[in-house]
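Note sheet for the following structure.
Just so it is clear: chains get the letters A, B, ... in the order the sequence lines come, proteins before strands, and each one is counted from 1.
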Amino acid sequence: MLDQRLVRDNPETIAQQLGRRGKAVDLTKLQLIAQQQRDLEQQRSNLQAEGNRIGKEVGQRIKSGADPNGDEVAELRQQGNAIKQKVAVLEEDEKKLSSELKQQLLGFPNLPSEACPDGRSEDDNIEVRRWGTPRVDDNLDEHWQIAERLQLFDTERSVRIAQSRFVTLMGQGARLERGLINFMLDLHTSKGYREVLPPVLVNSASLTGSGQLPKFAEESFRCAEDDLWLTPTAEVPVTSLHRDEIIPADQLPLRYAAYSPCFRREAGSYGRDTRGLIRLHQFNKVELYWFVHPDHSEEAHQQITADAEAVLQALELPYRVLDLCTADLGFSARRTYDLEVWLPGAGAYREISSCSICGDFQARRSSIRTKAGKATKLVHTLNGSGLAVGRTMAALLENGQQPDGSVLLPKSLVPYVGRERLQPE
RNA sequence: GGAGAGGUGGCUGAGUGGUUGAAAGCGGCUCCCUGCUAAGGAGUUACAGGAGGCAACUUCUGUCGAGGGUUCGAAUCCCUCCCUCUCCGCCA
């Protein structure tokens, strides 16, 4: 959420920065609401001060012997009542404006950071670096073809169980997925991340806190009978892990590695990535998440990205790093590095991790602060996939495929999968 | 699902109508004393918003789960809702 004081006092600057995302934004109406709200607050608060003064005086006079039912006190009572009525009217207007203001503010995305490259579409994302040597060969299979051969998962029967865009991993496929989750968690916890296994049903407040609500309700699955949703990413529950808390400064940074299944409705993606593991309603992900002191979030962003890259490197998967331009930036992010893994079968780089710095955007929505000495400040939050497990499997299949139809696994994974290669059983 | 208890400051925990924004303890911060990884003393310390000031800070309002109500005045009385805990039932 944007700082409402900034919107009130500096709307042109804010509008200009939001405009970098590609859509012109007009904040004049919002600014007006903010100003009216403040004016009402002033009037109301002055009246209340007067009312408090009268209340105290009544108490004092009665204490010092005045007749509680005498004219003197009755007069004061009447004054008190008159003020109360005026306050009630002002309060009602003020409340309307405040909630209008809040609702609108919740609908605006984060301000891109200064360093975030300007752009009009994903074509303007900037490639920062590459790692590894992409395997190029037109005769390579796509991951779903390999998986079919090795019977790693069953999509047709999954339609029977749920619907399309669900997958049932089986045999070596299930084992690989499980091994990958453990592998990633072990790697991260060995570097000091605290492991988290959060609830996958989350309430509206949690989704609002991390930025999915109110704007992206149609992207998540909702439980109709309860105020609960299937989490689209562990970022949501982990953000709310510290919602409404003041974290002592000496405890920062807090670094979490959370595994969770993730659920997304993928509205509007009909026909895209319909085969295989790339785009599913349910997928597994290990998410890295930092709560940091606002002075240290920039370094943290480099580090969390490096920690996500470490997984790809350990799995010997070639990838590139993109610095997302303003047009491609997510709602809550100030700046984002996407990691794209090389899929030789598809002959393309595909997103496998997204590492974002959110500044105080989520912290303000979730009221997560830190205190050092006297000052209370909003913390900064960062998140990065480390990694999306299904897409990792796809990358392993395509990169490890052998002429004999088997798939050679990276050495680091062997202890986790219990075999060096996947082959027909 | 049934019965009961409870939601107070960073934490623990007092407080049943009028300087209670809130005792006490813990924790934090500042200073003093002392000094081998510690102890003692004094002071200070809620959050949010508004106004004034370059600032230190001053001042006003609101906040004791949320929302209503009674009252000149509510943490305290009344109503509704939410949440947590305990016991029973059910259950992996």
Item checked: Under 4.0 Å protein heavy-atom contacts per nucleotide of nucleotides 67-76 of chain B, with B for base, S for backbone only and - for none -> SS--BBS---
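Not one side-chain nitrogen or oxygen of A/Lys371 sits closer than 4.0 Å to the OP1 or OP2 atom of B/rC29. In this model, the phosphate group of B/rG50 is approached by a side-chain N or O of A/Arg5 to a distance below 4.0 Å at OP1 or OP2. Dashed line: the shortest gap from a side-chain N or O of A/Arg44 to OP1 or OP2 of B/rC60 is not under 4.0 Å. Distances shown here put a side-chain N or O of A/Thr376 below 4.0 Å from the OP1 or OP2 atom of B/rC47.
Residue-level contact check: A/Gln48 touches the backbone only, with heavy atoms under 4.0 Å from sugar-phosphate atoms and none from bases. Residue A/Arg53 is classed as having no contact, given no heavy-atom separation below 4.0 Å to the nucleic acid. No engagement by A/Arg61 is indicated, since no non-hydrogen atom pair under 4.0 Å with the nucleic acid exists.
Atom-to-atom, CG of A/Asp3 to C1' of B/rA48 comes out at 13 Å; the value is rounded to the nearest Å. Rounded to whole Å, the distance from CD1 on A/Ile368 to P on B/rG10 is 15 Å. Atom-to-atom, CG of A/Leu101 to C1' of B/rG49 comes out at 12 Å; the value is rounded to the nearest Å. B/rG50 atom C1' lies 8 Å from atom CZ of A/Arg38, rounded to whole Å. Rounded to whole Å, the distance from CD1 on A/Ile33 to P on B/rG49 is 19 Å. The nearest whole Å value for the distance from the CE atom in A/Met1 to the P atom in B/rA48 is 13 Å. We find that CG of A/Asp250 is positioned 11 Å from C1' of B/rG27, with the value rounded to whole Å. A/Ile83 has its CD1 atom 14 Å from the C1' atom of B/rU61, to the nearest Å.
The same atom, P, is picked in B/rC29 and in B/rA51; the two are 33 Å apart, to the nearest Å. B/rA55 sits 38 Å from B/rG65 when the C1' atoms are compared, rounded to a whole Å. Distance noted for atom C1' between B/rG18 and B/rU71: 12 Å (whole Å). The same atom, P, is picked in B/rC36 and in B/rG43; the two are 28 Å apart, to the nearest Å. Taking atom P in both B/rG9 and B/rA75, the straight-line distance is 14 Å, to the nearest Å. Distance check on atom C1': B/rC33 versus B/rA39 gives 11 Å, rounded to whole Å. Separation of the P atoms belonging to B/rG53 and B/rG62 is 24 Å when rounded to the nearest angstrom. Straight-line distance between the P atoms of B/rC90 and B/rU63: roughly 46 Å, to the nearest whole Å.
Ring centroids of A/Phe291 and A/His380 are separated by 6.0 Å or more, keeping the two rings apart. Between A/Tyr193 and A/Tyr256, the ring centre distance reaches or exceeds 6.0 Å. In this structure, A/Phe263 has its ring center no closer than 6.0 Å to that of A/Phe283.
Of the candidates A/Leu322, A/Leu324, A/Val321, A/Asn125, A/Tyr337 forms a side-chain contact (heavy atoms from CB on, under 4.5 Å) with just one, namely A/Val321.
Look at B/rG4: its Watson-Crick or wobble partner, with both distances under 3.5 angstrom, is B/rC85. Using Watson-Crick or G-U wobble geometry with both donor-acceptor distances under 3.5 Å, B/rA22 finds no partner in any strand shown. In this structure B/rU44 sits in a base pair with B/rG28, meeting the Watson-Crick or G-U test at under 3.5 Å. Base pairing analysis places B/rA55 opposite nothing; no Watson-Crick or G-U wobble pair with both distances below 3.5 Å involves it. As the counterpart of B/rA74, no nucleotide is assigned, since no Watson-Crick or G-U wobble pattern has both distances under 3.5 Å. When Watson-Crick and G-U wobble pairs are counted only if both distances are under 3.5 Å, B/rC64 pairs with no nucleotide at all. Across every strand in view, B/rA39 sits unpaired, with no contact that passes the Watson-Crick or G-U test at under 3.5 angstrom. In this structure, B/rC33 makes no Watson-Crick or G-U wobble pair, since no nucleotide meets both defining distances under 3.5 angstrom.
Counted by atom type alone, A/Ser45 and A/Gln43 present zero donor-acceptor pairs between their side chains at under 3.5 Å. Side chain to side chain, A/Asp338 and A/Ser354 meet the donor-acceptor criterion of an N or O pair below 3.5 Å.
Checked for salt-bridge contact, A/Glu287 and A/Lys285 meet the test: a charged N lies under 4.0 Å from a carboxylate O.
Distances were taken from every side-chain heavy atom of A/Arg369 (C-beta onward) to each of B/rC60, B/rG50, B/rC47; the shortest belongs to B/rC47.
Take the nearest nucleotide of RNA chain B for A/Gln60 and for A/Glu50: the residue whose nucleotide is more 5' is A/Gln60.
Heavy atoms only, all atoms of each residue included: A/Ser353 and A/Gly384 are closest at OG-C, 4.4 Å.
Residues that satisfy the ring pair (Phe, Tyr, Trp, His ring centres under 6.0 Å) test with A/His143, not counting sequence neighbours, are absent from this structure.
Between A/Arg21 and A/Pro112 there is a side-chain heavy-atom pair separated by less than 4.5 Å.
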